[in-house]
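Notes for the one structure printed next.
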2 protein chains.
Amino acid sequence: MRDHEKPEIRKLPLFRDMQTENFERLMQAAYAQAFPAQLDLIHQGEPADFLHIVMEGAVELYAKWRSNETTMAVVRPVSTFILAACIKDAPYLMSARTVEKSRIIMIPAEDLRATFRIDPDFAVSTISELASCYRSVVRHAKELKLRNSRERVAAYIQRQSRRAGDAASFILPAEKKLLASYLGMTPENFSRAVKSLQPFGVVMDGPRIIITDRGALDQVAGTNPLIDGPDPSAESPRLETDGPSNIPGHLKVI
Amino acid sequence: MRDHEKPEIRKLPLFRDMQTENFERLMQAAYAQAFPAQLDLIHQGEPADFLHIVMEGAVELYAKWRSNETTMAVVRPVSTFILAACIKDAPYLMSARTVEKSRIIMIPAEDLRATFRIDPDFAVSTISELASCYRSVVRHAKELKLRNSRERVAAYIQRQSRRAGDAASFILPAEKKLLASYLGMTPENFSRAVKSLQPFGVVMDGPRIIITDRGALDQVAGTNPLIDGPDPSAESPRLETDGPSNIPGHLKVI
DNA sequence: CGCGCTGTTTGATCTGTATCAAGTTTGCTC
DNA sequence: GAGCAAACTTGATACAGATCAAACAGCGCG
């Protein structure tokens, strides 16, 4: 593990409050690895042996069933993923692959479970982390069930803009077909949905989104903090995934 | 609170392992209340002041957005709900109403948060509980994104049958329109979907489902424990909701 | 017991989204 | 910088599922 990495991990809400001694022991047991793009890291159904942390690059979490595949999240540095499977000592519910060249740190699930049993502060952090993750997925499920595809795209653009500090313009953080899959639609429909938002103040120029009329966008998106988050108490916006925890200022999930 | 209720709560995985002293203190702070059917208990967006436990009856968790409403879960005795919101001291993401006459016990969220800070065993139970809840919602989201409506119904019937001990016949645990909403479809389509499963060994007779050809049903449902659960480690099947934890043998969520 | 409400089923139609099929652009490799 | 593959866009068509409408069943209540 590189010198700068340990303090970066230590800053994550999940690891911030634990005993230094325990943190050091976890880091001792961990190991880092670099992966090329498009490499499978995890197959759903396998036993969860490691908590993963993305240090560089990006990782897609996806689920497969029969011939279908859907993106559940894209995790960016510095974030953990698949925390819940590690805790339950259960099979992964999702698969993971690198989107780009990535550096991943892996902490043995065994050590993780041992640690929150002896470190009450770490236990509390884990509780908080899991509760946040839970709420993120609930938001995702609500969105899928309550909004149509155009509304989902509008809300997504709004969230991204807010995350960029209410910027009127931002770059989409992943390939459009990935975003489309995450939002539960085909790439074709994603494209059409964005286009259909043009009368409502949204322009797309390649990978860039420009918001020319926030009021109109808000109208379509029907913004609701209960769906779109983030939780007021969270210090960084948090989205869908199995254990994202980010350093404020770092872009996180999709 | 009635005499028999405290031990029933104590048997829940969430409360089973904590210090007796702390459990007693929580119960002291709690209070019970009876509600008629169709009464709103919780509105999404309100601050989460209490962890709820259904002792009798049934509670629907649902989400609203604009004019749409969707059922997220039906919670049956003995189960907790909206744990995550309590932990984060954040607004409820879902609303709740009684489906039938119900008895509910409410534990102040404040006491809950204080307790897992001083009781490491309770903290561990809470972690386990939240991780299970998280995985349940992920399964729900996967199901919505990967399966079409007929497949969702087939998988649902399969789950219910398994929960009834692989029974060839069982009674649907809630109104069909409720199940339909939970499964992300209209009541009309739920009805049609079940009918379309007739060639695959599923017959519906009023509220009763009869499986005449399990092999054929398995074929359509494309059973996958990673979607359909339960986790092998869980002692009772667990489904979607914000904190269900059940006494084995009690029917739980939808 | 019959009335009326609510839930369920069935059929007809409509619509949002997927699929299929070209094009067009982008970006990477050599 | 040419050539190629992959991503993206656009249009045409197909289909799953929603909506609308109506008949029917079950159940609570007077």
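Note that this is a predicted model, so its numbers are computed, not measured.
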If we fit an axis to the first five pairs and another to the last five of the helix from C/dC1-D/dG30 to C/dC30-D/dG1, what angle do they make, to the nearest 10°?
40°
Between [atom2] on [N] and [atom1] on [X], what's the gap in Å once rounded to a whole number?
{"X": "A/Lys145", "N": "D/dG17", "atom1": "NZ", "atom2": "C1'", "result": "15 Å"}
{"X": "B/Glu100", "N": "D/dG28", "atom1": "CD", "atom2": "P", "result": "12 Å"}
{"X": "B/Leu183", "N": "D/dA18", "atom1": "CG", "atom2": "C1'", "result": "16 Å"}

Report all side-chain donor-acceptor pairs from residues 185-207 of chain B shorter than 3.5 Å, counting only partners two or more places apart or in another chain.
from: B/Thr186; atom 1: OG1; to: B/Asn189; atom 2: N; distance (Å): 3.2
from: B/Ser196; atom 1: OG; to: B/Ala193; atom 2: O; distance (Å): 2.7

Given protein heavy atoms under 4.0 Å, the one-letter contact record of nucleotides 8-22 of chain C, with B base, S sugar-phosphate only and - none, is simply SSBBB----SSBB--
Would you please test B/Arg97 and B/Glu60 for salt bridge (charged side-chain N to carboxylate O under 4.0 Å, His left out) and show each step?
CA-CA 5 Å; B/Arg97 68 166 79 94; B/Glu60 176 192 5; 2.7 Å; yes
Over 60° means perpendicular and under 30° means parallel, so tell me whether B/His140 and B/Tyr182 are parallel, tilted or perpendicular.
parallel
Inspect the surroundings of NZ in A/Lys176 and state if more than 12 heavy atoms from other residues, nucleotides or ligands are less than 6.0 Å away.
yes
Taking atom CD as the centre, does B/Gln219 end up with more than 12 heavy-atom neighbours from other residues, nucleotides or ligands that are less than 6.0 angstrom away?
no
Please confirm whether the backbone N or O of A/Leu146 pairs with a side-chain atom of B/Thr70, one donor and one acceptor, at under 3.5 Å?
no
Exam field: side chain A/Ser102 to backbone A/Ala58, donor-acceptor pair closer than 3.5 Å:
yes
Check step by step if side chain to side chain contact (heavy atoms under 4.5 Å, CB included) holds for A/Leu172 and A/Tyr156.
CA-CA 10 Å; A/Leu172 291 170; A/Tyr156 176 75; 4.2 Å; yes
